[in-house]
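Beneath this line is the structure, given in structure tokens, with notes to follow.
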Amino acid sequence: MLRVRFAPSPTGTLHVGNALSAVANRTFGDWLLLRIDDTDPARNVDGGEAAILADLAWLGVEWDDGPVRQSDRAARYLEAAEAARLDQRFDGVMLWRDDGSPTFHLASVVDDHDFGITHVIRGSDHRANEELHAALHRALGFDPPEVVHHGLVVGADGKKLSKRAEGATVASLRDAGYPAEAVRAYLLELGLPRHDVHLDLERVRSLSVDALDALTDDELAERAGVPVEAAPLLRGAHDLVEARGLAAAVLDPPSNSLLQARSSETLERFVELRTPLPDVLDKDAAKSVLRELKAVGGDLRGLREALTGRDRGPELWAVLRALPRDEAIRRARLT
RNA sequence: GGCCCAUUCGUCUAGUGGCCUAGGACACCGCCCUCUCACGGCGGCGGCACGGGUUCGAAUCCCGUAUGGGCCUCCA
């Protein structure tokens, strides 16, 4: 039984590097503790913990115990130090501040013991603490856990990723329209990198295409916030923001820059074909309308322009399916 | 400066002494599909940081150099 923990500081939305830790712990651990490392009041951010919980929920990372706040356990840390007759300073670091508040080192080691953590999986920025923490475990009379460090997620330029950088936080990836499945798949793919890795948004984007592709029309439409008959418009989109744009470009009445009288024969024939059909077409019906127009050498491009006001966009059958009969006919007659 | 960690195509990786003329994925380029843009399919380009060892044989083991990173804070 691998007992692991994910222990962020409550400083707001998760950095992708933290999210990597969270996903890695969840993947390798059988039992996961969510611990909030808030021993430094100066660093805590209002709503920080809530933002982290929301990010984890979105990513689908579930925990078995917690959230446990270290600020609630200060007395326990001091008691453990006292029981082992430790001084305020241990091997060069402070175990508690002059005001009596325990620091990260003490709190972390006592918690890892108290919660039976067998494996610590954390970012390589903690590597230098490994020896110190092992020594502290022993000084407190505890067995040190196994420790594994993973590389950090850095910018494409190899430099540290600031929280403001594109895609640097879980929130920014969510806002960019990447589905949670894609972000999680990306982090899973990175696994436990031995060295720092460059954030690869192209890869996230590609995984996003796969994730959206795997959704049913109902799911896809729901996430994009469009009617289900508009779902086919969204196929091929790289992310949900793009998907919404694709749908809007068809559903919103076209501005008339491209709406000039042309190929009126095709449009007339389209109106004829469309009029007797149901308000909403299914895929086969939409395709068969197009087949008929094609058979007589109709100008499909002109039809697209009449219906959407654009010369490019989703497949025409999807456009026909997304537009109710009256709206489609209205647009075809505008020209 | 000291201690520690890492180093395979542009990026993420497979690879743990012979199966490696180094495999895959993303990106890029080309072709196909097609009413367009995407998506998708097929193909192409492209790499073991460098130098010494060890060995019949090294991407794989050892040493050195270089490069990148972490820590050296009453931040975690």
Side-chain angles (χ1 to χ4, degrees), chain A residues 7-11 15 18 20-21 35-44 70 88-108 122-133 148-160 182 185-210 212-213 232-239 242-243 245-246 249-250 258 263 266 287 290-291 293-294 297-308 310-320:
Chain A
S9 292
T11 55
H15 187 276
N18 282 123
L20 172 78
S21 257
R35 193 176 82 204
I36 305 298
D37 282 12
D38 58 352
T39 50
D40 182 12
R43 280 193 38 161
N44 297 346
Q70 291 193 320
Q88 182 182 13
R89 188 169 279 273
F90 177 86
D91 201 13
V93 304
M94 301 287 277
L95 296 186
W96 59 88
R97 302 179 182 86
D98 288 339
D99 66 7
S101 61
T103 65
F104 155 74
H105 302 292
L106 211 216
S108 181
R122 57 171 30 159
S124 61
D125 50 333
H126 284 286
R127 180 148 7 226
N129 291 144
E130 183 173 357
E131 218 177 313
L132 169 72
H133 288 190
V148 178
H149 291 105
H150 64 252
L152 274 14
V153 178
V154 299
D157 58 1
K159 301 285 181 220
K160 195 168 175 179
Y186 175 65
L187 297 174
L188 228 33
E189 197 171 79
L190 291 179
L192 291 174
R194 290 204 302 257
H195 49 81
D196 291 354
V197 296
H198 297 185
L199 175 64
D200 187 352
L201 287 174
E202 296 288 358
R203 181 66 187 143
V204 176
R205 197 172 160 77
S206 171
L207 289 166
S208 174
V209 171
D210 294 343
L212 294 177
D213 194 49
L233 297 174
L234 278 30
R235 296 296 174 185
H238 299 84
D239 57 68
E242 183 186 348
L246 244 26
V250 172
L258 280 171
S263 58
T266 299
K287 281 193 162 179
L290 291 173
R291 221 172 7 249
L293 289 175
K294 248 180 176 171
D299 174 12
L300 294 183
R301 189 136 189 189
L303 177 62
R304 165 184 297 286
E305 290 173 5
L307 293 177
T308 68
R310 295 163 200 257
D311 60 358
R312 52 195 302 193
E315 294 178 277
L316 257 183
W317 72 262
V319 173
L320 296 191

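In what follows, chains are A, B, ... by sequence order, proteins preceding strands, each numbered from 1.
No hydrogens or angles were tested; on distance alone, nothing pairs the side chain of A/Asp196 with the base of B/rA6 as donor and acceptor under 3.5 Å. One can find a donor-acceptor pair under 3.5 Å joining the base of B/rU36 and the side-chain atoms of A/Arg304.
For the pair A/Leu20 CG and B/rC12 P, the computed distance is 13 Å after rounding to whole Å. Residue A/Asp311 contributes atom CG, which lies 16 Å from atom P of B/rC35 at whole-angstrom precision.
Comparing the C1' positions of B/rG43 and B/rG24 gives a spacing of 16 Å, expressed to the nearest Å. Separation of the C1' atoms belonging to B/rU13 and B/rC20 is 16 Å when rounded to the nearest angstrom. B/rG2 and B/rC29 have their P atoms separated by 47 Å, with the value rounded to a whole Å. Separation of the P atoms belonging to B/rA59 and B/rG51 is 13 Å when rounded to the nearest angstrom. Remark: the separation of the P atoms in B/rC12 and B/rA49 is 14 Å, to the nearest Å. Between the P atoms of B/rG68 and B/rC63, the separation comes to 22 Å (whole Å). B/rG10 and B/rG47: their C1' atoms are spaced 10 Å apart (whole Å). A gap of 12 Å separates the P atoms of B/rA25 and B/rG44, to the nearest Å.
Taking only side-chain atoms of A/Arg312, from C-beta outward, the nucleotide of B/rC74, B/rC26, B/rC37 with the closest atom is B/rC37. Closest contact between the side chain of A/Asp40 and the listed nucleotides B/rC35, B/rC75, B/rG70 involves B/rC75. For A/His198, counting side-chain heavy atoms from C-beta on, the closest listed nucleotide (B/rU13, B/rA25, B/rU11) is B/rU11. Checking B/rA27, B/rA76, B/rC39 against every side-chain atom of A/His105, the shortest atom distance belongs to B/rA76. Here the nucleotide nearest the side chain of A/Val209, chosen from B/rA76, B/rC37, B/rG40, is B/rG40. Picking from B/rC35, B/rG70, B/rC75 the nucleotide with the shortest atom distance to the side chain of A/Arg97 gives B/rC75. When the nucleotides B/rG70, B/rA25, B/rC74 are ranked by their closest atom to the side chain of A/Arg203, B/rA25 comes out on top. For A/Ala128, whose side chain is taken as the heavy atoms from C-beta onward, the closest listed nucleotide among B/rC26, B/rC71, B/rU13 is B/rC71. When distances are taken from the side chain of A/Arg127 to each of B/rC26, B/rC74, B/rC5, the shortest belongs to B/rC5.
Nearest-nucleotide assignment on RNA chain B puts the 5′-proximal partner with A/His195, out of A/Asn129 and A/His195. With the nearest nucleotide of RNA chain B identified for both A/Val197 and A/Leu316, A/Val197 has the one nearer the 5' end.
Under the 4.5 Å side-chain criterion, counting only non-hydrogen atoms from C-beta, A/Val154 is in contact with A/His198.
Here A/His126 lies parallel enough and close enough to stack on the base of B/rA76, with planes under 30° and ring centres under 5.5 Å apart.
At the heavy-atom level, A/Glu130 lies nowhere under 4.0 Å from the strands shown. The residue A/Thr39 sits close only to the backbone: its heavy atoms come under 4.0 Å of sugar-phosphate atoms, none of a base. If you check every strand for non-hydrogen atoms under 4.0 Å, A/Arg43 touches a base. Here A/Pro314 lies in heavy-atom contact (under 4.0 Å) with a base. A/Ser9 comes within 4.0 angstrom of the backbone, heavy atoms only, and of no base. A/Leu190 comes within 4.0 angstrom of the backbone, heavy atoms only, and of no base.
Rounding to the nearest 0.5 Å places OG of A/Ser208 at 9.0 Å from CD of A/Glu242. Annotation: the span from A/Thr266 atom OG1 to A/Arg304 atom CZ amounts to 14.0 Å, rounded to 0.5 Å.
OP1 or OP2 of B/rC39 has at least one side-chain nitrogen or oxygen of A/His238 nearer than 4.0 Å. The side chain of A/Arg194 contributes an N or O atom lying less than 4.0 Å from OP1 or OP2 of B/rU7.
For the residue pair A/Ser101 and A/Arg97, a side-chain donor N or O sits within less than 3.5 Å of a side-chain acceptor on the partner.
Using the six-membered ring where Trp is involved, A/His126 and A/Phe104 have ring planes that are tilted, between 30° and 60° apart.
Crowding of A/Glu131 atom CD: a count of heavy atoms from other residues, nucleotides or ligands under 6.0 Å not exceeding 12.
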